[in-house]
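As the structure lists them, so they are numbered: ligands from 1, and atoms in each ligand from 1.
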Amino acid sequence: MLRYPFCFSCLYFRSFAYLTVKDRLPTILTKVIDTIHRNKDKFFEEHGEEGVQAEKRAISLLSKLRNELQTDKPVLALTDNVVDTDMWNQYLQRQQALMDDNEPPSWFKSPWLYVECYMYRKIQESLHLNPPICDFDVFKEAKTKSFFESQQPIMAICTYLQELNKNMDDLSETQLLEHFLKLLQVSLWGNKCDLSISAGQDNSQKASPVDSLEDLKPFILVDDSNLVWSVLTNGKIPGGSSKLQGRVDIVLDNAGFELVTDLIFADFLVSSGLASKVCFHGKSMPWFVSDTTKEDFHWTIRQTLAANHKWMSKSGAQWQCYLKDGTWSYYDHPFWTLPHEFCDMAADAPDLYATLQKSDLVFFKGDLNYRKLTSDRDWGHTEPFEKALRGFQPASLCSLRTLKANVQVGLQPGQGENLTAQEPTWMTSGKYAVVQFSSPHREQ
Ligand SMILES: O=P(O)(O)OC[C@H]1O[C@](O)(CO)[C@@H](O)[C@@H]1O
Ligand SMILES: [Mn+2]
């Protein structure tokens, strides 16, 4: 039987996992409680006294949750009876079976990935159990703020895109490749701007993204962009003129600036003819503070369209058209907000796996997706990406991720050790990134 490294958990005092659960998660919960409380008047206006009672009950459930987390109590089964409740409760059973001495899984004695996802799902449960306010997005304010705080760089990349679109037909293949690499990297570095690593603090993009790409290049630890380009050009080396014109999927991460960079990249893929169709995948509930929901996705496009800036507004209008005519589509699937590693997808969400199999290339944005791709385990840094995927290969795939958790595979011998010696926090600071590719069609 194959043996895999251990999952990260909070058992190791001072580990990043431990500090996240001990410090960052309670801070996020406190902010959630505060947000719900500050919206009391809104709940009253919308639902009368029932809304106020719902607000009180939700806060009391969340305070209880924070206390259970901080005192390492057992993780409890969910009781809200919605579409994914059974999946969560079955997963708890699975965790229980893995525990030594038949102890119940608890906050600090379970895999980090599991308890972190569980906290976000429990926030949702506290709202589900209080129906008048069950659709309230506790992170909406933070996501909106991050979008508005990034207006300058958003204008800059929309202008870049529209200038490029005007001249698209005259570009040589080499020029096309250059623009492809730039916009891929803009989308990559857009992942710096998540609000979970900063426990909800402002983390928005301030500088113009295209200008800083050259300076950021040394921080890309694995760069498989050429392999991604090969897929999009049917394996032809620059100089040929073949374009794939196939289907690209983007498994989204954060709303705000990062989402705009993904939309820009998707626009480029379609307007250049490299892809004929883009399918976006988002979360079906508020998740890890800044992750994109269906509401965030459409809100962002509407805001871009309504902006008082010619090129932003033109971009937003184009994106609306792509959605209307089916060139772009948005999907959410409950699997993205389960705690499962992606190698479980084929068995636990076969419909989603089959959907991804129809794609020619799937981008996975962000750190959490990387943790799920690699099962959040303590792999050696030189282990091949394919090995860490543990059979998850629905299609050619590429992770675009800035490092914010201590898993990283596919490095050169000595690369990880050198980084650790120079900069002990290289895996969690968000300063480094990877463009990491894997394909079922690739010779290993
Ligand atoms: O938005 P991303 O890139 O998935 O990052 C989510 C963050 O949450 C974490 O799971 C830690 O809370 C890290 O992995 C990462 O910092
Ligand atoms: Mn995120």
Side-chain angles (χ1 to χ4, degrees), residues 7-10 15-29 31-32 69 107 110-121 123 137-140 142-143 146-147 187-205 250-262 280-293 296-297 300 332 336-342 363-378 398-408 425-436:
C7 303
F8 291 109
S9 86
C10 311
S15 66
F16 188 63
Y18 173 81
L19 293 175
T20 296
V21 178
K22 181 179 151 292
D23 298 331
R24 208 134 41 89
L25 298 191
T27 306
I28 290 171
L29 275 177
K31 286 196 175 162
V32 168
L69 183 163
W107 285 88
S110 307
W112 173 35
L113 179 62
Y114 172 50
V115 287
E116 204 176 7
C117 291
Y118 176 78
M119 182 193 82
Y120 290 97
R121 181 59 181 81
I123 294 174
D137 180 346
V138 292
F139 302 124
K140 183 72 193 164
K143 288 183 277 193
S146 131
F147 175 82
S187 165
L188 170 69
W189 291 113
N191 181 243
K192 260 192 174 179
C193 305
D194 87 273
L195 293 173
S196 142
I197 193 85
S198 58
Q201 286 297 342
D202 171 27
N203 196 15
S204 52
Q205 170 79 22
I250 304 180
V251 182
L252 296 169
D253 187 1
N254 304 302
F257 180 70
E258 180 173 0
L259 175 59
V260 178
T261 65
D262 299 335
F280 296 94
H281 300 266
K283 306 292 194 292
S284 52
M285 69 180 80
W287 198 245
F288 279 66
V289 188
S290 40
D291 284 15
T292 307
T293 62
D296 299 328
F297 182 81
T300 303
D332 46 22
W336 302 121
T337 46
L338 287 174
H340 298 54
E341 303 155 351
F342 288 161
F363 287 101
F364 286 90
K365 293 294 318 277
D367 195 78
L368 178 62
N369 277 328
Y370 193 83
R371 291 172 62 194
K372 289 185 163 188
L373 283 166
T374 56
S375 301
D376 208 32
R377 274 158 208 259
D378 197 7
C398 176
S399 160
L400 297 178
R401 170 236 187 179
T402 61
L403 280 63
K404 298 173 222 154
N406 30 15
V407 51
Q408 183 58 56
T425 60
W426 66 279
M427 274 194 282
T428 52
S429 62
K431 181 173 161 189
Y432 292 90
V434 291
V435 177
Q436 203 159 20

Legend entry - Donor-acceptor pair, side chain of Thr300 and main chain of Asp296, under 3.5 angstrom: yes
Inset, instruction - Would you mind running through ligand 1 and noting each atom that sits below 4.0 Å from a heavy atom of Ala405? - result: 14 (O)
Inset, instruction - Answer with side chain, backbone, both or neither: which part of Lys365 has a heavy atom less than 4.0 angstrom from an atom of ligand 1? - result: neither
Legend entry - Aromatic contact, Trp336 with Phe342 (centres under 6.0 Å): yes
Legend entry - For the Mn ion (ligand 2): the N/O/S atom of Asp253 at shortest distance: OD1
Legend entry - Intermediate values then yes/no, salt bridge (Lys or Arg N to Asp or Glu O under 4.0 Å), Lys365 and Asp253: CA-CA 5 Å; Lys365 293 294 318 277; Asp253 187 1; over 6 Å; no
Inset, instruction - Decide side chain to side chain contact (heavy atoms under 4.5 Å, CB included) for Phe139 and Ile123; before the verdict, give the C-alpha distance in whole Å, the side-chain angles of both, and the deciding distance to 0.1 Å. - result: CA-CA 11 Å; Phe139 302 124; Ile123 294 174; 4.2 Å; yes
Inset, instruction - Just to the nearest 10 degrees, tell me the angle at the Mn ion (ligand 2) spanned by Asn254 OD1 and Asp291 OD1. - result: 80°
Legend entry - N/O separation below 3.5 Å, Arg24 to ligand 1: yes
Inset, instruction - May I ask you to check whether Phe297 and Phe280 place their ring centers less than 6.0 Å from one another? - result: yes
Inset, instruction - Could you list the atoms of ligand 1 found under 4.0 angstrom from a heavy atom of Gly366? - result: 3 (O)
Legend entry - Heteroatom N/O/S of Asp367 within less than 2.8 Å of the Mn ion (ligand 2): no
Inset, instruction - Give, for atom NZ of Lys22 and atom OG1 of Thr27, the distance between the pair rounded to the nearest 0.5 Å. - result: 9.5 Å
Legend entry - N or O contact, Asn369 vs ligand 1, cut-off under 3.5 Å: no
Inset, instruction - May I ask you to list the atoms of ligand 1 that are less than 4.0 angstrom from any heavy atom of Asn191? - result: 3 (O)
Inset, instruction - Pull out every atom of ligand 1 sitting under 4.0 Å from any heavy atom of Asn254, numbered as shown with elements. - result: 1 (O)
Inset, instruction - From atom 9 (C) of ligand 1, work out which of Arg371, Lys404, Glu258 has a heavy atom at the shortest distance. - result: Arg371
Inset, instruction - Answer yes or no for Arg371 and Trp112: cation-pi contact, defined as NZ/CZ to six-membered ring centre under 6.0 Å and angle to ring axis within 45°. - result: yes
Legend entry - For ligand 1, the portion of Asp367 having any non-hydrogen atom under 4.0 Å away: both
Inset, instruction - Examine Asp253 against ligand 1 and note whether any of their N/O atoms are separated by less than 3.5 Å. - result: yes
Legend entry - For ligand 1, the portion of Leu368 having any non-hydrogen atom under 4.0 Å away: both
Legend entry - Qualifying residues under salt bridge (Lys or Arg N to Asp or Glu O under 4.0 Å), relative to Asp137, sequence neighbours excluded: Lys143
Inset, instruction - Assess the pair Tyr370 and Phe364: is the distance between their ring centroids shorter than 6.0 Å? - result: no
Legend entry - ligand 1-proximal atoms of Arg401, by part, heavy-atom distance under 4.0 Å: neither
Inset, instruction - Identify the two heavy atoms, one from Arg377 and one from Phe8, that lie closest to each other, and give their separation to 0.1 Å. - result: O-CE1, 3.4 Å
